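Inspection log for the structure reproduced underneath, given as structure tokens.
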Amino acid sequence: MDEARHERIRAAVAAIPEGQVATYGDVAAEAGERSARLVGRVLREDGADLPWHRVLRADGSSAPQILDEQHARLRGEGVEIRDGKVVLAHHRAASGWLS
DNA sequence: CAGGTGACCCCAG
DNA sequence: CCTGGGGCCACCT
């Protein structure tokens, strides 16, 4: 079922450790997907119950509509944000965090 | 069937 | 810093 892929993406996001983050591309790779866009779409429609705030763009920025909420939550976990972007170098989860 | 649209990514100017 | 162009994928007109 197509539901399986959808599910793997959610699993990858759910497994990102607190205080750490990952890019949409990272999640896609971790879930065995080729499209980062798909990850964004999944989170948009059913990310409510997931730690979606730990997923960022490749440069550490975020889409304007979720920026406030995302930054607030991340700060709460001690994640550093500079110039509107998360400092990926310090908080990016190591690839294979799911396996 | 043909475009348009994103919580996207990457590279060249 | 910004713009363009190519890829990507599911969904809606």
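Naming: A, B, ... by sequence-line order, numbering from 1 per chain. None of these values were measured; they are calculated from a predicted model.
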Problem - By side chain to side chain contact (heavy atoms under 4.5 Å, CB included) - contacts of A:R44 (at least two apart) - result: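 With neighbours one apart ignored, the set is A:R41.
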Problem - side chain to side chain contact (heavy atoms under 4.5 Å, CB included) partner of A:H53, chosen from A:L74, A:V13, A:I66 - result: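 Running side chain to side chain contact (heavy atoms under 4.5 Å, CB included) over A:L74, A:V13, A:I66 with A:H53 returns exactly one hit, A:L74.
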Exercise for the section: Output every pair passing salt bridge (charged side-chain N to carboxylate O under 4.0 Å, His left out) with a member in residues 46-62 of chain A, not counting sequence neighbours, ordered by first then second residue. Expected result: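 For residues 46-62 of chain A, and leaving out neighbouring residues, the salt bridge (charged side-chain N to carboxylate O under 4.0 Å, His left out) pairs sorted by first residue read A:R10-A:D46, A:R54-A:E77.
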Practice task
Would you indicate what A:L43 reaches in the nucleic acid, counting non-hydrogen atoms under 4.0 angstrom: base, sugar-phosphate, or nothing?
Solution key: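 Touches a base.
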Exercise for the section: Would you indicate what A:R57 reaches in the nucleic acid, counting non-hydrogen atoms under 4.0 angstrom: base, sugar-phosphate, or nothing? Expected result: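 Sugar-phosphate contact only.
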Problem - Closest contact, heavy atoms only, A:Q70 versus A:W52 - result: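 A:Q70 and A:W52 have their closest heavy atoms at NE2-O, 3.7 Å.
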Problem - Nearest non-hydrogen partners of A:G96 and A:S99, listed with the distance - result: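 Closest pair (atom of A:G96, atom of A:S99, distance): O-OG, 2.8 Å.
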Note, [X] side chain near [Y] side chain (heavy atom, < 4.5 Å):
X     : Y     : answer
A:V86 : A:E80 : no
A:V87 : A:I81 : no
A:H6  : A:E45 : yes

Problem - Within residues 62-79 of chain A: residues closer than 4.0 Å to DNA chain B (heavy atoms) - result: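 Within this stretch, A:A63, A:Q65, A:I66 sit under 4.0 Å of the strand.
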Problem - Test side chain to side chain donor-acceptor pair (under 3.5 Å) applied to A:E69 and A:R73, A:Q65, A:H71, the passing residue - result: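 Result for side chain to side chain donor-acceptor pair (under 3.5 Å) with A:E69: A:R73.
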Exercise for the section: Provide the distance between the two C1' atoms, one in B:dA7 and one in C:dG5, to the nearest whole Å. Expected result: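 So the two C1' atoms sit 22 Å from each other.
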Practice task
With C1' as the reference atom in both, quote the distance from C:dC8 to B:dG4 in angstrom, rounded to an integer.
Solution key: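 15 Å, rounded to whole Å.
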Practice task
Would you kindly confirm whether A:L56 and A:L98 end up in one hydrophobic cluster when ILVMFWY residues are joined by side chain heavy atoms under 4.5 Å apart?
Solution key: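 Not linked; separate clusters.
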Which atom pairs, donor and acceptor, lie under 3.5 Å between side-chain atoms of residues 14-27 of chain A and protein residues at least two apart or in another chain?
unit_1 : atom_1 : unit_2 : atom_2 : d
A:T23  : OG1    : A:G25  : N      : 3.3
A:T23  : OG1    : A:D26  : N      : 3.0
A:T23  : OG1    : A:D26  : OD1    : 3.3
A:T23  : OG1    : A:D26  : OD2    : 3.3
A:D26  : OD1    : A:R92  : NH2    : 3.0
A:D26  : OD2    : A:T23  : N      : 3.1
A:D26  : OD2    : A:R92  : NE     : 2.8
A:D26  : OD2    : A:R92  : NH2    : 3.1

Problem - Watson-Crick and G-U pairing of DNA chain C, under 3.5 Å, as dot-bracket with | and [ ] - result: .||||||.|||||
Practice task
Walk along DNA chain C from 5' to 3' and tell me the first and last nucleotide with an atom closer than 4.0 Å to a non-hydrogen atom of chain A.
Solution key: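 Answer, 5' to 3': C:dG7 to C:dC11.
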Handout entry: Interatomic distance where OH belongs to A:Y24 and P belongs to B:dC10 [whole Å]
Key =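 After rounding, the gap between these two atoms is 14 Å.
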